[in-house]
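The block underneath contains the structure these notes are about, expressed in structure tokens.
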There are 2 protein chains.
Amino acid sequence: MQSLFRYFNSIHPLSKAAETAITTISSVVQVQKNKDLQAIGHTCKTIYFLKSGLARIYYFKESTDITESFSFENSLVVRYESLFTSKPSKKGIQVLEDAELIAIKSTALFKLYDTHPDIERLFRKVFEAALVEQISRIESLQFHTAEERYAALLKEAPDVIKRVPLKFIASYLGITAVSLSRIRAQK
Amino acid sequence: MQSLFRYFNSIHPLSKAAETAITTISSVVQVQKNKDLQAIGHTCKTIYFLKSGLARIYYFKESTDITESFSFENSLVVRYESLFTSKPSKKGIQVLEDAELIAIKSTALFKLYDTHPDIERLFRKVFEAALVEQISRIESLQFHTAEERYAALLKEAPDVIKRVPLKFIASYLGITAVSLSRIRAQK
DNA sequence: GTGATTTCTTATCATATGTAAAGTGCTTTC
DNA sequence: GAAAGCACTTTACATATGATAAGAAATCAC
């Protein structure tokens, strides 16, 4: 659990009591490469922290597989739109490399907000950071070309290329694998 | 201020003390059509609530004016990415119809979090809702065609067409005004 | 290791969108 | 009310991306 609390404390310091409370409602999960951590249609009630491995959130648009996002080591994997609306998610979480995760039960977590203000504050900040991230993603999709988006991804997460099949990267960028291939070729 | 607290209470109930505290750090602002409420380059330190009128958040990409979002009556206007990073925003807020707004000083607001847990909780929920909104926006930009996005906008905010110049709607959809014109023509 | 899959690239053609320019109609201004 | 400006549309052409299919390369299964 150390890696989790190292991550949390870098965002907002937690009391020992808070750490203990979070530990109580968390468990370690191992998932094999290519397996679904959470299936499409499942309502998100878990906040995952990726200790090792690699995951993506994906969905289908008319039988086309679309990657919404990637998650790397030491970051959270959450389908926020389902977590905060309590509706079944149209999205699934797939593990792309054997992964070890910490699963935090969200219903229990949200109850801790009443007794541990530092936990509420931590997660407020976590979700605010997620909001900022999404906004920069929108900017990127709204008015950068596919080529610019690819260059930005390379800069931001250089090893994504080595670790993730190109077809997943392509749909993440909002283009087809063929189109991404062309962009890569013209360098 | 009633409209503001009606809005807030629908998200999370506030104590009278909390309402008073928020009132103390808020003021009413009037802005004329086509004027900037906040200029590009300004660091966002204000959370605006739009009582009446209409506003947009915009920026320039290589001298092209791009609308990032519209805000209608009874909703917030915030450049979250600047508010939460304390960095100057590349975006400005422009008023598209004479508007009356309530300006909440964010630095003072965030201080109230310590003394009024209900205020922190309210804004946590407000920002969580914003996060969900941004995610659906990403989905829309990432894999819906311009035509689908236009149809979705019409459904979601039918009067946007009557109140907002098409060129702003076009860049909001991620296309040119010419392209939007074509889409409209082929119906 | 061999064959079978899967992944990636390349080629061809169709389509959507961009750019530029001109035209139409509406609104503003004096 | 004439002139000017602005918003929107239309046209013509250029370009980027999509769809499909086929080939090359890498990976997997046994």
Side-chain angles (χ1 to χ4, degrees), chain A residues 32-36 53-54 56 58-67 70 94-98 138-154 158-187, chain B residues 32-36 54 56 58 60-67 70 94-98 138-154 158-187:
Chain A
Q32 281 188 323
K33 179 171 174 165
N34 293 333
K35 298 269 183 197
D36 264 22
L54 178 52
R56 70 177 184 121
Y58 72 100
Y59 61 102
F60 287 95
K61 145 109 183 170
E62 289 154 19
S63 80
T64 307
D65 178 315
I66 295 166
T67 296
F70 298 109
Q94 186 190 21
V95 162
L96 299 180
E97 288 175 5
D98 289 0
I138 289 174
E139 213 177 298
S140 144
L141 286 167
Q142 191 180 10
F143 238 78
H144 291 86
T145 63
E147 194 177 331
E148 289 170 322
R149 297 200 294 273
Y150 178 67
L153 177 66
L154 279 191
D159 57 332
V160 75
I161 303 299
K162 292 164 205 147
R163 297 170 66 184
V164 177
L166 274 198
K167 56 179 179 175
F168 294 154
I169 295 176
S171 71
Y172 172 80
L173 295 174
I175 55 178
T176 59
V178 174
S179 196
L180 178 55
S181 224
R182 270 190 291 237
I183 287 169
R184 284 158 59 90
Q186 75 189 31
K187 302 273 158 139
Chain B
Q32 281 189 322
K33 179 170 172 167
N34 293 333
K35 298 269 183 197
D36 265 23
L54 179 53
R56 71 180 184 118
Y58 72 99
F60 286 94
K61 146 110 181 168
E62 288 152 20
S63 79
T64 306
D65 177 316
I66 295 165
T67 296
F70 298 108
Q94 184 190 22
V95 162
L96 299 180
E97 287 174 7
D98 289 0
I138 289 174
E139 212 177 297
S140 144
L141 286 168
Q142 192 179 11
F143 238 78
H144 290 88
T145 63
E147 193 176 333
E148 290 169 321
R149 296 201 295 275
Y150 178 67
L153 178 65
L154 279 191
D159 58 333
V160 76
I161 304 299
K162 292 164 206 149
R163 297 171 64 185
V164 178
L166 275 195
K167 57 181 178 174
F168 294 153
I169 295 176
S171 71
Y172 172 80
L173 295 173
I175 55 178
T176 60
V178 174
S179 197
L180 179 54
S181 222
R182 271 191 288 240
I183 287 170
R184 283 158 59 90
Q186 74 189 30
K187 299 277 159 132

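All chains are named by letter (A, B, ...) in the order of the sequence lines, taking the proteins before the strands, and each is independently numbered beginning at 1. Quick caveat: nothing in here was measured; it's all calculated off a predicted structure.
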Could you check whether B:Arg56 makes a cation-pi contact with B:Phe168, meaning its NZ or CZ is under 6.0 Å from the centre of the six-membered ring and within 45° of the ring axis?
yes

What string of B, S and - do you get for nucleotides 22-30 of chain C 5' to 3' if you count protein non-hydrogen atoms under 4.0 Å?
---------

For A:Ser181, side-chain hydrogen bond (donor to acceptor under 3.5 Å, both in side chains) partners two or more places apart
none

In whole Å, what is the span from the CD atom of A:Glu148 to the P atom of C:dG18?
14 Å

Scoring nucleotides 6-16 of chain D by protein non-hydrogen atoms under 4.0 Å (B base, S sugar-phosphate only, - none) yields -SSBBBB----

Measure from CD1 on A:Ile183 to C1' on D:dG18 and round the result to the nearest Å.
12 Å

Considering residues, nucleotides and ligands other than B:Lys61, do more than 12 of their heavy atoms fall under 6.0 Å from its NZ?
yes

Donor-acceptor contact present, side-chain B:Ser171 to main-chain B:Thr67, <3.5 Å
yes

In whole Å, I'd like the distance from the CD1 atom of A:Ile169 to the P atom of C:dT7.
13 Å

Reckon A:Thr176 has a side-chain N or O less than 4.0 Å from the OP1 or OP2 of D:dT17?
no

On a heavy-atom basis, the closest approach of B:Leu173 and B:Leu141 is O-CD2, 4.1 Å

Just how far is it from atom CD1 of A:Ile66 to atom NZ of A:Lys167, taken to the nearest 0.5 Å?
13.5 Å

